[in-house]
Every structure is written in C-alpha cells, then in structure tokens.
Amino acid sequence: MPIEQSTVASFKPLGDYKAPSLPAADTLQLLGERLRLLFSKPDDKPFIADDRLHRSTLKMLDEVVAPPACGPLLEELQATLEGWVTQREPLSWLKLIVLPPGDENGVVETWASAQGHEILPPPDRSDLISAAGVELPKLTGEGVLVIPQLERWFLRHRNGLHAVRQLLAELDVTKRHCLVSCNSWAWAFLCKAVGADLILPDALTFEAYDAERLHGWFSQLSEASTHTDLRFRLTQNGEDVMMLKGEDKDAHEYFTRLAARSLGIPWVAWRLWRRSLRSSSDDDEADSEVKAVAQDDGHTLWVSALEEFSLPGGAHNEAALLVLHAILIHGAITLEELRAVLPLVGESNILSALISAGLVERKDRQVTCFPAAYPAIRSGLATAGFSMDKL
C-alpha cells in the first residue's frame, strides 16, 4: 500500500530546496557495495543473475510506470497558485517557478492549458541573434499570462540577450497576472547576465521527492496498471521494495537510495526506476529459490541496480563539459544553435560521443541532456568548477 499523503504539498522558495541524501552509514554501505562489485569473485552470485533478465518491454513499462513523469506536481502547482490567480489586486503581479532540467512533460505549460490561461509563445531562436531582432508581443490583456520557458527567449551569445531584456522590461511594468517559468540553469545565467532576479520575484519550486513521496507515487502507478498482483523484487536479495518496513511503515531503503541518486527530482527518479526494471525469462531450469519467492506473485518485475553514468575523460573532458553546460542552460537546442553559443566545440564530434554514452539524447533536430544521467552530469560540472544552478 502507498504511504498516504495527508495534504497536497505546495511549492517552496527555491533557496529552501533540499535534495535527499543518504545517511552516513548508507553512504559507506553504498561505497562498500561498489567496491564489492568491482572485486567480486565469480561465485558471489546475486539472487537472480543478470543473464536471466531482460529489459521490460516499452508496452509493459507504459502500463506499470506510466507517464507523465512529473508525479502530482500539477496538483501541487494548482494548490500553490490558486489563491494568487483569483486576487484582483495581488501584492505582486508576477510569479516565478524555477524547475530542474529534464521536464519533458512541461508542467507549467500543461497546467496553464488545463486552466485555460493564455500562453505566450517564445520567439524563433533563429531570430534571437538576427539583425532584425524580435518584435515583442503585447503583454496586456485579461486573465493570467503564462511564459512557460524563459530559457527559449535567449541564446548565450553577444547578440542573443536583446529579446529577454525587452521581455523583462515589459514584465516590470505590467499590471496583469503573469506566471514565468524557467530552467534552473537558465535562471542562474540570467541572474548574472541581465539581472533577471532584480525584476522577477523570488522563485518557487517543488518540494524534493524523498523516499516516501517516491514510494507513494510509484505505488499508485503500479496499482493503476492492468497487471494484477504485481511485485517489484530486488535482484540482489528478492525483497519486495513496495513492502513497508518496521513499525513506522517506512519506505524500503531502495527508495532512499533512489531519492538521493535522483536529487529529489521526479522525472529523474522516474527514468532511473523505469530503466532498472527487468523481466525474468521462463526458463525451466530456473533456480528453485527464485521460483519459490515469486510463485505467489501474479507478475514479478525485478529491480536491478541503479544505472551508473560516466562522463568522457582525458582530452575530451573539457569539451564534453562545455557542451553539457550549454545544453543545460538552453534546454532543447539544435546543433546550429549549439555552434552559435560554443563555436570552439560546435564543429567537433564530442556531441556524438555524448549521445553514444547515453548522456545526451537526440529528438528530431534537437538535443537535450538525458534526465537519468543528469545527476552524473551535474556532479561532473560541480567538480570541474562550473557556475552552478541552485537546485
């Protein structure tokens, strides 16, 4: 059963965001497990071996770990903004939502569409650095105006900030409810480049997804699937990770690790969870102990170790980090746009290497950082001393 959430959480100030962390004992245990895997002997066998498993089909994943990957954030966003939206003379006409990268479901834009609010489309990026510039649309009107992706209004280029400066100047004098949302990396850049924080109010963001929130969300997803008596068992020891533990009915420690690894970001946790799920083959010679554990299950999905991602090393490390940093700031970006903001590495093959490594994914003509790899990317940028976001 999922852990009950008594009330809908509201968004909190950006500075209050606290990513879940592992207890010191668990951190040492995790390090020990990694060392054990590194130096394990052939006879150190898991409960069910990897060669007995195969990745769950996309159809099954869409049933048991169904999108969208944002959990109950739409409900929480509504709870956060419903009072402000109805105020005739609010203390501030502006609201700012800052989210981590990887929000493929467009939480703010989806909320705005569902509520019937006007959405201001971004300009074509090709116009941001053109000589003609961008003609800014009027912000006047009735009701709430939503700007869901402020990062689409600029390019990190000497001529690429005119449009966002114009937009901020108009927002500064507006007398209309305006909700602005921005990628956390773009927001950090805009604060330094154009002083965006001097015009827009203090940012809000969601409450980090800890073990209990992840357990509750994934339990609801599995219960809504068409598969009955579904069980999620660890490949390491066969434990059912959905079973609550102890007198306090705590979530399984697997979710503590997942919350910490995902930095509390729902779409990162969702991707890592989906990619860890495996189905076992129907082998007549399957281990009797495995059969005995799963015999009462209507259907068993095996939960493998969380996927590890590694950044390119050696001579390519600096170029890789520069590309990843640029993608995080701009969100989805084309190769032509990437060359405009990174002329020194735009012509290299490093982007292809990042795609092959699973750090970057290509959709149509645009590339984005792969959400499941984001924690590793963020850690690499922090270690290298890059300017960071606040999430």
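This structure is a prediction, so every number in the text was calculated from the model and none was measured.
- One distance of note links CZ of Arg231 with CG of Leu301; it measures 11.5 Å at 0.5 Å rounding.
- Taking each heavy atom of Leu311 and Leu359 in turn, the nearest pair found is CA-CD1, 4.0 Å.
- No continuous path of hydrophobic side-chain contacts links Trp93 to Leu150 [ILVMFWY only; heavy atoms under 4.5 Å].
- When all heavy atoms of Tyr209 and Pro20 are compared, the closest pair comes out as O-CG, 3.5 Å.
- Counted within 6.0 Å of CG on Asp202, heavy atoms from surrounding residues, nucleotides or ligands total 12 or fewer; the atom is thus considered open.
- Between atom CD1 of residue Ile97 and atom CG of residue Leu14 there is a gap of 10.0 Å, rounded to the nearest 0.5 Å.
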Next item on the list: Kindly determine whether Lys192 and Ser387 satisfy side-chain hydrogen bond (donor to acceptor under 3.5 Å, both in side chains), including the steps that lead there.
Entry: CA-CA 10 Å; Lys192 292 183 178 180; Ser387 176; 3.0 Å; yes
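- Expressed to the nearest 0.5 Å, how far CG of Leu96 lies from CG of Leu200 amounts to 5.5 Å.
- Annotation: side chain of Cys369 is in contact with side chain of Leu324 (closest heavy-atom distance under 4.5 Å).
- Leu128 and Leu335 fall within a single hydrophobic cluster, where Ile, Leu, Val, Met, Phe, Trp and Tyr are joined by side-chain heavy atoms under 4.5 Å apart, directly or via other members.
- Looking at Trp185, Trp153, Phe154, Phe189 one by one, the single match for ring pair (Phe, Tyr, Trp, His ring centres under 6.0 Å) with His330 turns out to be Phe154.
- The pair Arg156-Glu151 fails the salt-bridge criterion, with no side-chain N (NZ, NE, NH1 or NH2) lying under 4.0 Å from an Asp/Glu carboxylate O.
- Under a hydrophobic-cluster definition in which Ile, Leu, Val, Met, Phe, Trp and Tyr are linked whenever side-chain heavy atoms come within less than 4.5 Å, directly or via other members, Met243 and Val64 are assigned to different clusters.
- To the nearest 0.5 Å, the span separating CD on Glu337 from CD1 on Ile327 amounts to 11.5 Å.
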Which donor-acceptor pairs under 3.5 Å do the side chains of residues 66-81 make with protein atoms, sequence neighbours left out?
unit_1: Glu76; atom_1: OE1; unit_2: Arg213; atom_2: NH2; d: 3.2
unit_1: Glu76; atom_1: OE2; unit_2: Arg213; atom_2: NH2; d: 2.2
unit_1: Gln78; atom_1: OE1; unit_2: Trp111; atom_2: NE1; d: 2.8
unit_1: Thr80; atom_1: OG1; unit_2: Phe11; atom_2: N; d: 2.8
unit_1: Thr80; atom_1: OG1; unit_2: Glu76; atom_2: O; d: 2.8

Margin query: Please evaluate residues Trp273 and Phe232 with respect to the criterion ring pair (Phe, Tyr, Trp, His ring centres under 6.0 Å), reporting the C-alpha separation (whole Å), side-chain torsions for both, the decisive distance (0.1 Å), and the verdict.
Written below: CA-CA 11 Å; Trp273 171 245; Phe232 298 86; 5.2 Å; yes
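- At a threshold of 4.0 Å, the pair Asp210-Lys18 does not count as salt-bridged, since none of the basic side-chain nitrogens sits closer than that to a carboxylate oxygen.
- In this structure, CD in Glu307 is found 7.0 Å from CZ in Phe370, a value given to the nearest 0.5 Å.
- Nearest approach of Ala384 to Leu321, heavy atoms of both residues: CB-CD1, 3.5 Å.
- A donor-acceptor pair is defined here as one N or O able to donate and one able to accept, closer than 3.5 Å; such a pair exists between the side chain of Lys12 and the backbone of Ser10.
- A distance of 5.5 Å separates CZ of Arg125 from CG of Leu155, quoted to the nearest 0.5 Å.
- Between Glu109 and Arg152 there is no salt bridge, since no side-chain N of the basic residue sits under 4.0 Å from a carboxylate O of the acidic one.
- By the rule that hydrophobic residues join a cluster once side-chain heavy atoms approach within less than 4.5 Å of another member, Leu190 and Met388 end up as members of one cluster.
- Heavy-atom minimum distance, Pro201 versus Leu94: CG-O, 3.4 Å.
- For Arg176 (side chain) and Thr140 (main-chain N/O), a donor-acceptor pair under 3.5 Å exists by modelled atom type.
- Trp267 places none of its side-chain heavy atoms less than 4.5 Å from the side chain of Glu104.
- Among all heavy-atom pairs drawn from Leu391 and Leu99, the shortest one is CD1-C, 3.8 Å.
- In terms of heavy-atom proximity, Ser113 sits nearest to Ile119 at OG-CD1, 3.4 Å.
- Within the 3.5 Å criterion, the main-chain N or O of Leu328 finds a donor-acceptor partner in the side chain of Asn183.
- Here the side chain of Ser356 pairs a donor or acceptor atom with the backbone of Ser352 at under 3.5 angstrom.
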